[in-house]
Amino acid sequence: MASHRVVSATANPHKLDEIREILGATVVVLGRPADLAEVEEDASTLEGNAELKVAAVVAASGEPALADDTGLEVDALRGAPGVRSARYGGPEADDEKNYNKLLGELRELGANAPEQRRARFRTVVILGWPDGRRLVGRGVVEGTIATTPRGDRGFGYDPVFIPDEGDGRTFGEMWPEEKHSLSHRGRALRELADQLAALGPVEEA
Ligand code: ITT
């Protein structure tokens, strides 16, 4: 049977790897066009930013496109960094700066007990076609923020996120399949894949 082909909007290579690992062989995920300008993610919601990314890639490629927007919501920080997770540590921030800023803010608040460190990852994925059709998948994973970073797998805030449904390890300490089975992205993409499957088989080109 033929596979769906989609162009990925993500400029984050770790995210692209995860998307491919989760979707498997039923969807061929092509990399983001190299000449595409950076998309300004200035919407106030994950949905809004995912749509900005999808629309930019559909317009540039003329092909179906897939975008993921993800945020980490920390209750003690009233939902921050949320939709601003990528630039939390400043305009040039890398993953380590981002999670160190988060750990520093929780420390300053004296939020040291696990119940004061409640958080969740939330992902919205949108698959968009040039004719305007859209499919949307959503995924959430609840957890707590670790007091010190642990593990060098995954990316982003993974070394400081302990999912409730795990065994106490951070996402940074888990193998990719373990993370995907519980993660926001795994859930959002599996929901999207189910909707795609319900559309029926792909027509042979
Ligand atoms: P694109 O917009 O190009 O897809 P990005 O890395 O900017 O890539 P997001 O805006 O969705 O993507 O990411 C927001 C932040 O959350 C960013 O700092 C990521 O590193 C982080 N993040 C996203 N997914 C994550 C995951 O599964 N685990 C840990 N951190 C993650």
Side-chain angles (χ1 to χ4, degrees), residues 6-22 29-34 36-57 60 65-74 77 79-103 119-128 137-146 149-163 166 169-190:
V6 304
V7 181
S8 166
T10 186
N12 181 331
H14 303 287
K15 210 194 245 189
L16 179 59
D17 286 348
E18 289 203 352
I19 290 170
R20 286 177 169 153
E21 287 161 9
I22 294 163
V29 184
L30 308 174
R32 182 181 198 270
L36 185 69
E38 195 181 335
V39 178
E40 179 110 33
E41 295 180 39
D42 55 4
S44 58
T45 60
L46 300 176
E47 284 85 347
N49 281 334
E51 176 57 29
L52 288 173
K53 291 186 262 193
V54 133
V57 174
L66 178 69
D68 161 320
D69 205 55
T70 295
L72 175 63
E73 303 168 356
V74 180
L77 304 175
V83 72
R84 301 273 161 258
S85 295
R87 308 272 173 273
Y88 192 50
E92 304 299 324
D94 57 15
D95 290 345
E96 210 174 317
K97 282 204 181 99
N98 281 337
Y99 66 64
N100 279 329
K101 175 168 179 191
L102 183 65
L103 295 180
R120 68 206 53 76
F121 274 117
R122 196 182 292 281
T123 291
V124 176
V125 286
I126 301 184
L127 173 54
R138 293 188 174 81
V140 179
V141 57
E142 298 282 339
T144 56
I145 303 298
R150 299 199 311 263
D152 55 10
R153 300 196 190 105
F155 67 99
Y157 296 87
D158 281 343
V160 300
F161 186 83
I162 306 167
R169 283 175 298 161
T170 66
F171 271 157
E173 294 175 297
M174 292 186 180
W175 292 104
E177 315 81 71
E178 296 177 291
K179 176 183 173 188
H180 303 337
S181 72
L182 304 175
S183 82
H184 44 301
R185 180 163 299 105
R187 288 175 172 153
L189 286 168
R190 286 191 289 272

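Both ligands and their constituent atoms are indexed starting at 1 by order of listing. Position 1 is the first residue of the sequence, and the numbers go up from there.
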*Asks:* Any side-chain heavy atom of Ser85 sitting closer than 4.5 Å to one from Thr70?
*Replies:*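 When only atoms from C-beta onward are counted, Thr70 and Ser85 do not touch, as no gap falls below 4.5 Å.
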*Asks:* Considering the heavy atoms of Asn12, write down every atom of ligand 1 situated less than 4.0 Å from one of them.
*Replies:* 3 (O), 6 (O), 8 (O)
*Asks:* Looking at non-hydrogen atoms alone, which of Arg84, Arg185, Lys15 comes nearest to atom 24 (N) of ligand 1?
*Replies:*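 Of the listed residues, Arg185 has the closest heavy atom.
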*Asks:* Under a 4.0 Å heavy-atom limit, does Asp95 contact ligand 1 with its side chain, its backbone, both, or neither?
*Replies:* side chain
*Asks:* Compare Tyr157, Tyr99, Tyr88 and give the one whose heavy atom is closest to atom 30 (N) of ligand 1.
*Replies:* Tyr157
*Asks:* Any N/O of Phe121 closer than 3.5 Å to an N/O of ligand 1?
*Replies:*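 For ligand 1, there is no N or O atom that lies under 3.5 Å from one belonging to Phe121.
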*Asks:* Name all pairs fulfilling the salt bridge (charged side-chain N to carboxylate O under 4.0 Å, His left out) condition that reach into residues 88-103, sequence neighbours left out, sorted by first residue then second.
*Replies:*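 Found none.
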*Asks:* Quick check against the 3.5 Å criterion: does Arg150 have a side-chain atom that pairs as donor or acceptor with the backbone of Val160?
*Replies:*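 Such a contact is absent between Arg150 side chain and Val160 backbone.
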*Asks:* Applying side chain to side chain donor-acceptor pair (under 3.5 Å), name anything that partners Arg169, two or more places apart in sequence or on another chain.
*Replies:*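 Once residues adjacent in sequence are excluded, the partners of Arg169 under the side chain to side chain donor-acceptor pair (under 3.5 Å) criterion are Asp167, Glu178.
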*Asks:* So Leu66 and Thr10, do their side chains get closer than 4.5 Å, heavy atoms only?
*Replies:* no
*Asks:* If the contact criterion is a heavy-atom separation under 4.0 Å, does Arg32 count as touching ligand 1?
*Replies:*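 Contact absent.
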*Asks:* For Gly48, is there any backbone N or O sitting under 3.5 Å from a side-chain donor or acceptor partner on Asp69?
*Replies:* no
*Asks:* Tell me which part of Lys179 gets within contact of ligand 1: side chain, backbone, both or neither, using heavy atoms under 4.0 Å.
*Replies:* side chain
*Asks:* Under a 4.5 Å cut-off applied to non-hydrogen side-chain atoms, are Met174 and Arg153 in contact?
*Replies:* no
*Asks:* Check whether any heavy atom of Lys53 sits under 4.0 Å from an atom of ligand 1.
*Replies:*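 Lys53: in contact with ligand 1 (<4.0 Å).
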*Asks:* Select one of side chain, backbone, both or neither to describe which atoms of Asn49 lie under 4.0 Å from any atom of ligand 1, heavy atoms only.
*Replies:* neither
*Asks:* Check contact between Arg87 and ligand 1, using heavy atoms of the residue and a distance below 4.0 angstrom.
*Replies:* no
